[in-house]
Amino acid sequence: MKFSDLDLSKTYNYADYLQWTFEDRLELIKGKIFKMTPSPASVHQRLSWVISGELYSYLKNSPCSAYTAPFDVRLPRKGENENKKIFTVVQPDICIICDPLKVDARGCTGAPDIVLEILSPGNNQKELRNKYEVYEESGVKEYWIISPQDESFLKYTLVDGHYQASRLMTVGDIITTPILPGFELSLETVFAGI
């Protein structure tokens, strides 16, 4: 089967996703297929590497772990953990998971504590609308968005089941989170050299 053989108007589930063997990287969002952009550009990769390095240094002695794409995050509806009943499978650029019971050999089942997405030209609508909705609905505590194009950072924090946006941050700002006490991410370090 090739990607072109799929009916993009159809609704798919995680059981379908597991059957696909083509090279295209895909995500399912509420049962709809989203083809991921080709391999991320060098700026995207560099940002991911820098942030992962900062997280690695902090998380060495923490119960939380960080994972980078490609890493399947399955976001089931409440009580719907069967593969055929999971309709959202995403691959965030970086996710932080503090409950080791959510991690298995195929990735993560349930909401990570923090999801970080690095925007690429062409995927901004998917990141900002579709993923925002599924992350909020599934209970991702913080959704971080980094835009290399304008060197900015935006954090959505889940409060009473709804996201509240931070102010737009950029070079000179330091990112902190109560999920990782004492962790500091300097946006000057993140965006240096891009």
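No experiment lies behind these values; they were computed from the predicted model shown.
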### Val140 and Tyr163: CA distance, side-chain angles, deciding distance, side chain to side chain contact (heavy atoms under 4.5 Å, CB included) verdict
CA-CA 9 Å; Val140 173; Tyr163 277 141; 3.4 Å; yes
#### Entry: Worked verdict on Val103 versus Tyr67 for side chain to side chain contact (heavy atoms under 4.5 Å, CB included)
CA-CA 10 Å; Val103 179; Tyr67 298 88; 3.7 Å; yes
### Task
Walk me through it: do Arg106 and Tyr14 pass the test side chain to side chain contact (heavy atoms under 4.5 Å, CB included)?
CA-CA 11 Å; Arg106 289 188 277 172; Tyr14 186 57; 3.6 Å; yes
### Message
Pair Leu28, Thr88 - check side chain to side chain contact (heavy atoms under 4.5 Å, CB included), show working.
### Response
CA-CA 5 Å; Leu28 285 179; Thr88 298; 5.6 Å; no
### CA sep, side-chain torsions, deciding dist, call: Glu142, Thr177, side chain to side chain donor-acceptor pair (under 3.5 Å)
CA-CA 9 Å; Glu142 290 186 4; Thr177 172; 2.8 Å; yes
### Message
Please determine whether salt bridge (charged side-chain N to carboxylate O under 4.0 Å, His left out) holds for the pair Arg167 and Asp173, giving the CA-CA distance in whole Å, both sets of side-chain angles, and the decisive distance to 0.1 Å.
### Response
CA-CA 11 Å; Arg167 67 176 175 79; Asp173 288 316; 2.8 Å; yes
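Heavy atoms only, all atoms of each residue included: Pro76 and Ile86 are closest at CB-CG1, 3.8 Å. Nearest heavy-atom pair, Ser9 versus Lys32, reported as atom, atom and distance to 0.1 Å: O-NZ, 2.9 Å. Shown here for Lys131 and Val90, the closest heavy-atom pair between the two residues is CE-CG1, 4.1 Å. Asp150 and Ser152 make their closest contact through OD1-OG, 2.7 Å (heavy atoms, listed as atom of the first residue, atom of the second, distance). Listed here is the closest heavy atom pair of Leu26 and Trp20: CD1-CE3, 3.8 Å. Annotation for Ile118 and Ser48: closest pair CD1-N, 3.6 Å, computed over non-hydrogen atoms.
The shortest side-chain heavy-atom distance between Ile94 and Pro92 does not fall under the 4.5 Å cut-off. Between Leu158 and Glu136 there is a side-chain heavy-atom pair separated by less than 4.5 Å. Using a 4.5 Å heavy-atom threshold, the side chains of Val73 and Val89 count as separate. The shortest side-chain heavy-atom distance between Leu55 and Leu180 falls under the 4.5 Å cut-off. Side-chain atoms of Val190 and Glu151, non-hydrogen and from C-beta on, never get closer than 4.5 Å to each other. The side-chain heavy atoms of Ile179 and Cys98, taken from C-beta on, include a pair separated by under 4.5 Å. You'll find the side chain of Phe153 stays beyond 4.5 Å of the side chain of Leu168, heavy atoms only. For the pair Asn130 and Phe34, the minimum side-chain heavy-atom distance is below 4.5 Å.
In this structure, Ile96 CD1 and Cys64 SG are separated by 7.5 Å, a value rounded to the nearest 0.5 Å. Here Leu101 contributes atom CG and Thr109 contributes atom OG1; the two are 11.0 Å apart, rounded to the nearest 0.5 Å. For the atom pair CD (Gln91) and SG (Cys108), the distance works out to 12.5 Å, reported to the nearest 0.5 Å. Atoms CD1 and CG, from Ile174 and Leu187 in turn, are 7.0 Å apart once rounded to the nearest 0.5 Å. The distance from the OG atom of Ser166 to the CD1 atom of Ile145 is 9.5 Å, given to the nearest 0.5 Å. Residue Trp49 holds its CH2 atom at 13.0 Å from OH of Tyr56, rounded to the nearest 0.5 Å.
When each of Thr11, Leu8, Asp16 is paired with Ile33, the side-chain contact (heavy atoms from CB on, under 4.5 Å) condition holds for Leu8 and for no other.
Looking at Lys102, its side chain never comes within 3.5 Å of a backbone N or O of Gly107 through a donor-acceptor pair.
Both Ile146 and Met169 belong to a common hydrophobic cluster when Ile, Leu, Val, Met, Phe, Trp and Tyr are linked at side-chain heavy-atom distances under 4.5 angstrom. Note: the hydrophobic cluster containing Leu185 also contains Val43 (ILVMFWY, side chain heavy atoms under 4.5 Å, direct or indirect links). The hydrophobic clustering, which links ILVMFWY residues whose side-chain heavy atoms are closer than 4.5 Å, places Leu75 and Tyr132 together.
Checked against a 6.0 Å centroid threshold, the rings of Tyr156 and Trp144 do not count as neighbours. Between Phe87 and Tyr12, the gap from one ring centroid to the other reaches at least 6.0 Å.
Here Lys141 pairs with Asp113 in a salt bridge; the nearest charged N to carboxylate O distance falls below 4.0 Å.
Around CD of Glu133, the count of heavy atoms belonging to other residues, nucleotides or ligands within 6.0 Å exceeds 12.
Side chain to side chain, Glu188 and Ser186 fail the donor-acceptor criterion of an N or O pair below 3.5 Å. No hydrogens or angles considered: a donor-acceptor pair under 3.5 Å links the side chains of Glu117 and Tyr135.
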